[in-house]
Amino acid sequence: MVYSAHLLPTSAETLHNDGDSLPYEFLEPAIPSQLDTDFTLLINSLEAEMNRVRLTARAKQMTGERAILVGVTTSDVDEANESMAELEELSTSADVMVLDRLIQRRPKIDPKTLLGRGKLEELLIRSMQLGADLIIFDTELSPTQVRILSEATDLKVIDRPQLILDIFAQRAQSREGKLQVELAQLKYLLPRLVIGQNSAFSRLAGGIGGRGPGETKLETDRRRVRDRIAQLEKQVDALGRQRQERRKVRSQKNLPLISLVGYTNAGKSTLLNTLTQSDVYAEKKMFATLDPTSRRLRLPYEQEVIINDTVGFIRDLPHALLAAFRATLEEISDSDLLVHVVDASNPRAIQQIRSVDAILKDLELDKIPQIVVLNKADLLDNDVITDLQRSITLDKHIDSVALSAIRRDSLNVLTERIGSRMEYAFADKSNPATSGS
């Protein structure tokens, strides 16, 4: 008997709305001598229909790549779902259309493919059905894992850090921002040049200076990347020194510095705009702000301060990116006060606070006094806000302020709180003997 089956053409909407149906269909079993199915015609018609579904979806999408998100966990599935929701938001911010999400809980991560064999086959079927261009894993992949997964699916495979780096590359506007992003990307790329996907990396470089044993193409690529990294680090350091000089000039004006910090997309730029009546670029997208922006703010009782908007943080921020942006983040080190902005409407608000605190500790900025601002409080009930404030008090041992960054009338409590905190800073900065002691 001959048993056969074929994939069913489907769209992402059909797949999600009809989750109980199988992604394939069995043909009637038959004795080989009695087979009357024209498989060539069947294959051609299936491919034509799959192509039509894919083109229809692309016409609706217009631009951007189409991706399936993949998560593998050995612990709590709920936590993995929360992380995948954040990965989907990152993907959307990168103009990627998310077709599907796939999570597998395993007792042990497969060192080669992360996924089990059955789940990998399911991923392959899903990608063929939905016409995916890209697979994004919610974890950092080794070069070997990327190669194996790419070969198994015949698709481009990237991980969470690479997606974040790509978003930064899209958002960078200033010369300093572009240099820092390129530096982070090259530091991420360098160890991944160890393994090539074909023999091109082992070809010997010819010509003058390349005769004899020569130098492999891979070694040439790595040397060029290292040279470019060294060059970029010098430029970033030079810009950092210029920034330090500007900070010295600003400090001579005896104006206290306040920095807005927080998780990406928490509303820092919106808060800055409302506080200072500015028009700093703000968008409901992750990492809309990469370049620090400073504005003057007049507080009650004729106090004046500098308020500084900074790049947003995120869980598992790539180390290379954190290192490249260290010069920019040093701007925070001179702050007299940190205003930690939190998206109170996010279900993971407490976890996001802890992620930001962990990064501040890593940067040795955790000793600077903080005020926690629960933004988007107008979207929540008072009981929810009260519970959040109680949790913050227990966790961080500091009070918090609830407000809505788009409503200027809700910011009075914050400016009063900042003003009372700044009384000491004003006293120190206006008294050279005190500040120098």
Side-chain angles (χ1 to χ4, degrees), residues 10-19 54 57-58 60-73 75-106 114-115 119-120 122-141 146 149 153 155-171 262-267 283-289 312-318 321 342-352 354-356 376 379:
T10 185
S11 64
E13 293 81 6
T14 305
L15 189 66
H16 293 151
N17 294 336
D18 192 15
R54 189 178 300 118
R58 287 192 181 281
K60 293 179 181 178
Q61 181 189 353
M62 299 301 292
T63 59
E65 293 181 281
R66 297 156 56 83
I68 296 176
L69 310 184
V70 181
V72 186
T73 181
S75 55
D76 186 24
V77 175
D78 289 339
E79 186 177 336
N81 277 314
E82 290 174 354
S83 184
M84 286 287 280
E86 185 173 88
L87 184 67
E88 183 167 358
E89 191 175 352
L90 283 167
S91 302
T92 303
S93 295
D95 297 324
V96 171
M97 180 179 181
V98 176
L99 301 174
D100 202 5
R101 305 193 325 187
L102 188 151
I103 297 177
Q104 182 180 34
R105 187 178 186 277
R106 293 174 57 82
L114 277 76
L115 296 164
K119 213 66 173 178
L120 186 58
E122 181 185 338
L123 175 61
L124 179 58
I125 291 173
R126 292 272 186 99
S127 64
M128 292 172 63
Q129 279 191 302
L130 301 176
D133 312 304
L134 177 67
I135 297 174
I136 306 175
F137 277 79
D138 191 29
T139 187
E140 185 168 353
L141 301 174
V146 171
L149 288 165
T153 60
L155 292 173
K156 181 165 67 173
V157 175
I158 68 171
D159 56 15
R160 182 188 181 95
Q162 194 171 354
L163 177 63
I164 294 173
L165 287 170
D166 186 76
I167 294 172
F168 269 68
Q170 290 181 38
R171 301 280 190 274
Y263 214 76
T264 180
N265 207 22
E283 188 177 356
K284 194 175 180 180
K285 277 189 174 182
M286 288 185 157
F287 304 115
T289 301
F313 298 148
I314 195 170
R315 180 185 62 84
D316 297 333
L317 194 66
L321 193 58
V342 180
D343 178 0
S345 66
N346 192 300
R348 298 186 68 254
I350 295 298
Q351 291 91 330
Q352 290 183 354
R354 290 170 182 164
S355 294
V356 172
K376 307 181 186 180
L379 303 178

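- Closest heavy-atom contact between G131 and R66: O-NE, 3.2 Å.
- Atom CD1 of residue I135 and atom CG of residue L149 lie 7.5 Å apart, to the nearest 0.5 angstrom.
- Taking both residues in full, the closest heavy atoms of N265 and E89 are given as ND2-OE2, 3.2 Å, listed atom of the first, atom of the second, then distance.
- Atom CG of L379 and atom CG of N346 lie 11.5 Å apart (nearest 0.5 Å).
- In terms of heavy-atom proximity, R315 sits nearest to S355 at CB-OG, 3.9 Å.
- Of the inter-residue distances, the one linking I68 atom CD1 with D100 atom CG reads 6.0 Å to the nearest 0.5 angstrom.
- Between V146 and D159, the closest side-chain pair of non-hydrogen atoms is not below 4.5 Å.
- Residues satisfying the side-chain hydrogen bond (donor to acceptor under 3.5 Å, both in side chains) test with E86, not counting sequence neighbours, are R160, Y263.
- For the pair L90 and I167, the tightest heavy-atom approach, listed with the atom from each and the gap, is O-CD1, 3.2 Å.
- Take D343 and apply the salt bridge (charged side-chain N to carboxylate O under 4.0 Å, His left out) test, not counting sequence neighbours, and it matches K376.
- A heavy-atom distance below 4.5 Å is not found between the side chains of V356 and Q352.
- Between I125 atom CD1 and L130 atom CG the span is 11.5 Å, to the nearest 0.5 Å.
- The two residues L115 and L123 come nearest to each other via the heavy atoms CD1-CD2, 3.9 Å.
- Atoms CZ and CG, on R101 and N81 in that order, are 6.0 Å from each other to the nearest 0.5 Å.
- Residues that satisfy the side chain to side chain contact (heavy atoms under 4.5 Å, CB included) test with D166, not counting sequence neighbours, are A94, Q170.
- Listed by chain and residue number, K119, R126 satisfy the side-chain hydrogen bond (donor to acceptor under 3.5 Å, both in side chains) test with E122 (two or more places apart in sequence, or in another chain).
- Contacts of A67 classified as side chain to side chain contact (heavy atoms under 4.5 Å, CB included), with partners at least two apart in sequence or in another chain: V96, L134, I136.
- The shortest heavy-atom contact between S91 and V98 is CB-CG2, 3.7 Å.
- Partners of E79 under the salt bridge (charged side-chain N to carboxylate O under 4.0 Å, His left out) rule, at least two apart in sequence or in another chain, do not exist in this structure.
- Using a 4.5 Å heavy-atom cutoff, the side chains of D138 and L69 are not in contact.
- Annotation: side-chain hydrogen bond (donor to acceptor under 3.5 Å, both in side chains) contacts of T73 (sequence neighbours excluded): S75.
- For R105, there are no salt bridge (charged side-chain N to carboxylate O under 4.0 Å, His left out) partners two or more places apart in sequence or in a different chain.
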